[in-house]
There are 4 protein chains.
Amino acid sequence: MTTGLRGGRPRDSSIDRAVLDSTSELLDELGYPELAIEHVARRAGVSKTAIYRRWPGRQQLVLAELQRRMGRVVPPQTGCTRCDLVESLELFARVLTCMGAETVSALLADCTDDPELRRTFMTTVFEPPRAAVRVTLEQARDRGDLRDGVDLTLAVDTLASLVHYRLLFRHAPVTEPEIDAAVGALLGGIARDGVVEAVSAAVHAHSGAG
Amino acid sequence: MTTGLRGGRPRDSSIDRAVLDSTSELLDELGYPELAIEHVARRAGVSKTAIYRRWPGRQQLVLAELQRRMGRVVPPQTGCTRCDLVESLELFARVLTCMGAETVSALLADCTDDPELRRTFMTTVFEPPRAAVRVTLEQARDRGDLRDGVDLTLAVDTLASLVHYRLLFRHAPVTEPEIDAAVGALLGGIARDGVVEAVSAAVHAHSGAG
Amino acid sequence: MTTGLRGGRPRDSSIDRAVLDSTSELLDELGYPELAIEHVARRAGVSKTAIYRRWPGRQQLVLAELQRRMGRVVPPQTGCTRCDLVESLELFARVLTCMGAETVSALLADCTDDPELRRTFMTTVFEPPRAAVRVTLEQARDRGDLRDGVDLTLAVDTLASLVHYRLLFRHAPVTEPEIDAAVGALLGGIARDGVVEAVSAAVHAHSGAG
Amino acid sequence: MTTGLRGGRPRDSSIDRAVLDSTSELLDELGYPELAIEHVARRAGVSKTAIYRRWPGRQQLVLAELQRRMGRVVPPQTGCTRCDLVESLELFARVLTCMGAETVSALLADCTDDPELRRTFMTTVFEPPRAAVRVTLEQARDRGDLRDGVDLTLAVDTLASLVHYRLLFRHAPVTEPEIDAAVGALLGGIARDGVVEAVSAAVHAHSGAG
DNA sequence: CGATAAGCGAGACGGTACGTCAAGTCTTATA
DNA sequence: TATAAGACTTGACGTACCGTCTCGCTTATCG
């Protein structure tokens, strides 16, 4: 809040580090639900007050640690649409894995009540890798690799959500071949030639009749 | 556990109902994180003991309520691949929405520690709608609507995860046109003709070089 | 509050004892200002909750201990006015000393904010010995030992306050000769014969002039 | 301690005043127990450091303020024993009331731990009005108004303690007629003629027998 | 029909963490 | 050196649920 423009003892930045380090360790050892501010304080050799002065609560503290873990996400630029997409998604998976899939989902669940917090979470944790995928798809589009009228947001969600789903819900790893297959499926479709157009007509008839 | 083979006063089944009803109300009013067994007991006019005798903890209690909310999920059977898929996914979305998206994700997060519990959660909450999608895709495959070598599990995950992502993470609604577009994209692909094959070759060259 | 007429697990009366014992010890070792509920709980081998369930706060807890220390105060009845008075005051002094003069005054000071609490304090701690003095004086009056028109309340206050003052304020002991002298002074006056009447007239003239 | 003999920035004496003023206000608004140094500092527009440099703690700070409130106590000299005594005691009551009876007793209680502090308190707060009473009594004695062998200290305590008791303990006002009656009682005694001597003999017999 | 066994409401119990608060000390930059 | 601002440690506060327990009572079935 107060940047302490002038006057007052400056914050001891070694405390920031010590607290985040302890948070990180406890996150790995106990997981988010068992992570207590009191533990963090004890382990960091720091008072609770010093923590609460920096972060208003557990969520923000862990969020800060996740942010630190994420570092800088740079979208790949090989010039090859499929390669870039695969690369983006692998990056995505790496980021989530590094943050700790369970931590991410537990934290998210713990942020649902406060809209402000939710937004921060999304911006901090989900947006960066998501943006990488989007940029990659936009480049593909500009390069003329995509059909006209393709809904980019939907495409991003489709790919991103797969990684999320596997890692956060099923706690299953996402392997490179799977990512490749998923990208291939989305790019090329999975229906035999001619089927989509046929069923498309049927849908319209169906919904028109309903 | 004990079916009360012999002896003892039989359980009052009206208590089961009262407790689940109160759980349901409090879930809607306060959300899962704020739901306390003590509140449930008070509201249901029942003792904590009676609750703990039936469910070992909060998670199992809420799980039971979600199970009750889900009811019976029946996969659609119109004979049209795309219609059935869309229908399955809408069903999926309805189920999650009815259960309460926030509740579902919070509960899931709260189940991560106990593997047994996790499995129960997956079987109870995620599997049924997922199975509906899988059945639909299997029927499509058997009907010859899908290309050879399509990874059904991946396809199910791709579609299912989209709904999850939108509802559980972004707390955004999933509209029918979007579902339709997503199904269309997966079935037909989004790449311009010829692109997939071309980049596919490039991928192999790329990964061969790496 | 709830006497637990029916239902519920009965309170463990050994806890009451353990808590008051620990309170007593800590009162002696550290004094009232340093007495912390958490210490009491720890030393008594009891949870904080168990304490707060019985007494709403530190003040009430200590008050309960003082009450226990006081026991039963019985006014003396030798039939001799002066002896009874001296005896009453010595009893008074013993009671306050046994409770711990510093504890009494610190507790009183800590009760000033809450009127309810203050009243309880007065009734519990100050009234009983005070009542003994009053009873003794009433018996003296009924016996015809006192002049007509003597203000008994004032007389009680005069004697009681001396003990309070010495013990609670000056932390000086009150010896038997002093008590005797004070009782003698109050009973017989300290002015030389004729002086009181003379100055009494002067007072009236003085206040009439002012 | 350091009178700032030489060197450095001189102390800003307006700070002393501002701090004591704020202390005074907060004492009236919240009472001693709720008076926090941080509040005082904030209200005075002064840093905590500046306060702690002048007074080692809360007790000393408040003590300083009480001292300021007391001002100069001058014993009355009308030449009439009873008038002077009444006047002294009223002065006594006024002083305590002005300081704030609750503040005085709370502060006293908060000084019990530190003997040094206690002594300062006694000297500062209790001695001056007490001295006035003593001087008055000494003048009465020298004037020949008192019987031989009267214990002056005991007489002072008897009168002073009554005021203390009423104001600090019972939080009851001390009215002028009451003071007059108390002075009258002490000077003239309350026993019917002949009673004191009779019971006095009884006491000696009693204590001799016991 | 009485013994046995469980269900049940009430609420005590030991835990554990919460987030807040004030005390008193220390650090920095500025006057 | 004094000052303002404010970081810092310490330690207790009173609250809230957790999941377990004990008690006295009720309600069934079994022998």
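As a basis for the values below, the full set of heavy atoms in this structure was taken, side chains included, without hydrogen atoms, waters or symmetry mates. The sequence lines fix the lettering, A, B, ..., with proteins before strands; numbering per chain opens at 1.
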Check the distance between [N]'s [atom2] and [X]'s [atom1] and give it to me in whole angstrom.
X	N	atom1	atom2	answer
C:Ile15	E:dG15	CD1	C1'	13 Å
C:Ile51	F:dG14	CD1	P	11 Å
D:Asp12	F:dA4	CG	C1'	12 Å
D:Glu38	F:dA4	CD	P	15 Å
A:Leu61	E:dC18	CG	P	11 Å
B:Lys48	F:dA16	NZ	P	14 Å
C:Arg42	E:dT16	CZ	P	12 Å
C:Ile37	E:dG14	CD1	P	15 Å

Practice problem: Could you tell me whether B:Arg53 contacts a base, only the sugar-phosphate backbone, or nothing, with contacts defined as non-hydrogen atoms closer than 4.0 Å? | Solution: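 B:Arg53: base contact, heavy atoms under 4.0 Å.
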Quiz item: Hey, does B:Gly45 reach any base, or is it just sugar-phosphate, or nothing, if we go heavy atoms under 4.0 Å?
Solution: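 The answer is sugar-phosphate, as B:Gly45 gets under 4.0 Å only of primed atoms, P, OP1 or OP2.
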Quiz item: Taking for each residue the nucleotide of DNA chain E bearing the nearest heavy atom, is the 5' side occupied by A:Leu35 or by D:Arg58?
Solution: A:Leu35
Practice problem: For B:Ser13 and for D:His39, locate the closest nucleotide of DNA chain E by heavy-atom distance; then report the residue assigned to the nucleotide nearer the 5' terminus. | Solution: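 Mapping each residue to its closest nucleotide by heavy atoms, the 5'-most match is B:Ser13.
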Quiz prompt | Donor-acceptor pair present, D:Ser47 side chain and F:dG6 base, under 3.5 Å | solution = no
Quiz prompt | Presence of donor-acceptor pair under 3.5 Å, side chain of B:Thr49 and base of E:dA10 | solution =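 Yes, the side chain and the base share a sub-3.5 Å donor-acceptor pair.
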Quiz item: Taking the side chain of A:Pro10 as heavy atoms from C-beta outward, which of E:dG14, E:dT28, F:dT9 is closest to it?
Solution: E:dT28
Quiz prompt | Cationic N near anionic O, under 4.0 Å, D:Arg43 to D:Glu29 | solution = yes
Practice problem: State whether B:Asp16 and B:Arg54 are salt-bridged, where the test is any N-O pair (Lys NZ or Arg NE/NH1/NH2 against Asp/Glu carboxylate O) under 4.0 Å. | Solution: yes
Quiz item: Considering heavy-atom distances to DNA chain F, does C:Glu34 or B:Gln59 have its closest nucleotide positioned more toward the 5' end?
Solution: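 Its nucleotide being nearer the 5' end, the pick is C:Glu34.
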Quiz item: C:Phe169 vs D:Phe169 aromatic rings, parallel, tilted or perpendicular, using cut-offs 30° and 60°?
Solution: tilted
Practice problem: Would you please confirm or rule out a distance under 4.0 Å between OP1 or OP2 of F:dA5 and any side-chain N or O of A:Arg9? | Solution: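 Result: no.
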Self-check item: Contact summary for D:Glu65 and D:Leu20, nearest pair of heavy atoms
Solution: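 Smallest heavy-atom distance, with atoms named: OE1-O, 3.5 Å.
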Practice problem: Output yes when a side-chain donor or acceptor of B:Arg11 lies under 3.5 Å from a complementary backbone atom of B:Ala50, and no otherwise. | Solution: no
